[in-house]
Amino acid sequence: MFSFFRKKPPTPPTPPAPASAHAVTPAALSAGGSAVEPAAQTGALPQVLPAPFVAPAPVAAPAAAAPEPRKGWLDKLKAGLRKTGASIATVFTGTQIDDALYEDLETALLMADTGVKATEHLLADLKKRVKEQKTTDPAAVKALLADAITDLLKPLQKPLVIGEFKPTVIMVAGVNGAGKTTSIGKLTRHLANDGATVLLAAADTFRAAAREQLAVWADRNTVDIITQEGGDPAAVSFDAVTAGRARGRDVVLVDTAGRLPTQLHLMEELRKIKRVVQKADATAPHEVLLVIDGNTGQNALMQVKAFDEALQLTGLVITKLDGTAKGGVLCAIAREKPVPVYFIGVGEKLEDLETFDAREFAQALLA
């Protein structure tokens, strides 16, 4: 199985191992040909835009260079969260640990959209740590706050595992403008870099040019895409799952239309997609991801609650954390609706999406 808990550096080539249910070999990657099972009876035939998968050649890297990719990512994360961190860090520039410091910290955390419940939890935890360690230096209190935030966010740190099912069907939802389709393109790159074959489903037939946008990402990542001209989103999803099984793909990523939680009739369409996918594969969807914009603050928490009620979310992708002053919303999610955060993004480039690490995030938040 592929586990995306932490991005691994390239390793020297090794002799091929026998194929198994939990590993992908070069032979398995190319298996399945191009046959597609019959499409759903919708009156519209699926359009398949082929782009053959080309496995990248392994590149050996010196052992000393292994931590560099993650270090570079941490620098990006710190830069992205600078606005949030600056308002919190100023609290610790004084010389005394008193009620005024805790009051200022409470205000800073609330302004960062940490939420009332998470803020109360962090303050209580911090005061306990300060008392236990007999801390007298405000700078040391800042380090203890990083520890408290890390412990709060730890339950959100969970790997996205690929390989238990073939294909692993991942349904991706989110409101318009959250960066859903772009995140799918970045996620496709992550999966391909780790040796998984991906098939995209353009089930966002609601938004103008959504199919074309996803097709661009498919071309950039050299993966296939299943689409229909004016087709029903559920039918496109069905066709993609059946095609993924026929071609032996490891992952099928289903891009759904953007929805506001208040649009009940449109949320029902998402439920329909999920039901139809289950007709193509009774075990699917294996992951239901919600993409949320980090700039939306407490509204992001409302979205998590609403989409989880409708679809039973398995994971989150947090985007646009760069430049926002509301990065504390992850603390609110951890305290009130702890759905795992698989990936976070701080830019528009393909490499600007990375696996979530609680310690890294806490350190970047207070940098």
Side-chain angles (χ1 to χ4, degrees), residues 1-5 7 22 24 53 158-175 178-204 210 213-214 217-218 221 223-227 233-234 236-259 269-292 304 307-308 310-319 339-345 350 353-356:
M1 290 186 285
F2 302 97
S3 176
F4 296 90
F5 183 78
K7 205 81 173 80
H22 301 293
V24 178
F53 173 83
K158 180 184 175 183
L160 171 62
V161 178
I162 304 298
E164 184 177 353
F165 302 93
K166 189 165 183 177
T168 298
V169 180
I170 303 176
M171 182 176 168
V172 186
V175 303
K180 175 174 52 65
T181 303
T182 300
S183 295
I184 289 175
K186 294 176 181 179
L187 180 55
T188 300
R189 172 61 62 89
H190 261 275
L191 294 166
N193 283 348
D194 280 78
T197 53
V198 182
L199 179 68
L200 300 181
D204 185 353
Q213 183 184 0
L214 192 65
W217 285 112
N221 290 301
V223 300
D224 292 353
I225 179 172
I226 300 295
T227 180
V236 175
S237 304
F238 182 94
D239 291 338
V241 175
T242 54
R245 293 177 66 184
R247 301 178 190 193
R249 296 295 186 261
D250 298 310
V251 181
V252 174
L253 276 170
V254 181
D255 181 18
T256 65
R259 297 286 186 260
E269 186 175 279
L270 290 180
R271 296 187 184 94
K272 177 184 176 183
I273 292 175
K274 186 176 181 180
R275 291 194 301 269
V276 172
V277 163
Q278 289 172 339
K279 292 181 179 179
D281 183 342
T283 66
H286 307 107
E287 296 281 352
V288 181
L289 307 186
L290 176 66
V291 178
I292 56 179
V304 173
F307 278 90
D308 183 59
L311 299 172
Q312 293 76 57
L313 299 176
T314 63
L316 304 176
V317 178
I318 314 294
T319 66
V339 177
V341 177
Y342 287 143
F343 295 93
I344 55 177
L350 280 172
L353 187 77
E354 190 53 271
T355 49
F356 173 70

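Atom set for the values below is all heavy atoms of this structure, side chains included, hydrogens, waters and symmetry mates excluded. Keep in mind that this is a model prediction, so the values were computed, not measured.
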Heavy-atom donor-acceptor pair, H190 side chain to L353 backbone, under 3.5 Å: yes
With no hydrogens and no angle check, is any side-chain donor or acceptor of T319 less than 3.5 Å from a backbone partner on G345? no
Shortest non-hydrogen pair, L199 vs G244, comes out as CD2-N, 3.5 Å
Under 3.5 Å, is there a donor-acceptor pair between the side chain of T314 and the main chain of V288? yes
Can you measure from OG1 (T256) to CG (D204) and round to the nearest 0.5 angstrom? 7.0 Å
Report the distance from atom CZ of F165 to atom CG of D250, rounding to the nearest 0.5 Å. 14.0 Å
Would you say that D255 contacts L253 through its side chain, given a criterion of any heavy-atom pair below 4.5 Å between the two side chains? no
For M171 versus P285, what's the shortest heavy-atom pair and its separation? CB-CB, 4.2 Å
To check you understand the geometry: which heavy-atom pair defines the closest contact between T242 and A280, and what is its length? CG2-CB, 4.0 Å
Please name the residue in the list V291, I318, I292 that meets the side chain to side chain contact (heavy atoms under 4.5 Å, CB included) test with S183. V291
Walk me through whether L270 and L311 qualify under side chain to side chain contact (heavy atoms under 4.5 Å, CB included). CA-CA 8 Å; L270 290 180; L311 299 172; 4.0 Å; yes
Which heavy atom of I273 sits nearest to which heavy atom of S237, and what is that distance? CG2-OG, 3.4 Å
If you round to the nearest 0.5 Å, how far is NZ of K180 from CG of L214? 8.5 Å
Answer yes or no: is there a donor N or O on one side and an acceptor on the other, between the side chain of N221 and the main chain of W217, under 3.5 Å? yes
What closest approach, in Å, do V277 and A284 show between heavy atoms, and which atom pair accounts for it? CG1-CB, 3.6 Å
Taking only residues two or more places apart in sequence or in another chain, which ones pass salt bridge (charged side-chain N to carboxylate O under 4.0 Å, His left out) with K272? D232
Working to the nearest 0.5 angstrom, can you tell me the gap between Y342 OH and T355 OG1? 12.5 Å
When rounded to the nearest 0.5 angstrom, what is the spacing between CG in L289 and CD1 in I184? 9.0 Å
Short side-chain to backbone donor-acceptor contact, T197 and R249, under 3.5 Å: no
Any L290 side-chain heavy atom under 4.5 Å of V339 side chain: no
Under 4.5 Å between any side-chain heavy atoms of D224 and I226, yes or no? no
How many angstroms lie between CG in L313 and CD in E287, if you round to the nearest 0.5 Å? 10.5 Å
Closest approach of V341 to F356 (non-hydrogen atoms, all atoms of both residues): O-CB, 3.2 Å
Mind checking whether Q213 and T182 have side chains closer than 4.5 Å, heavy atoms only? yes
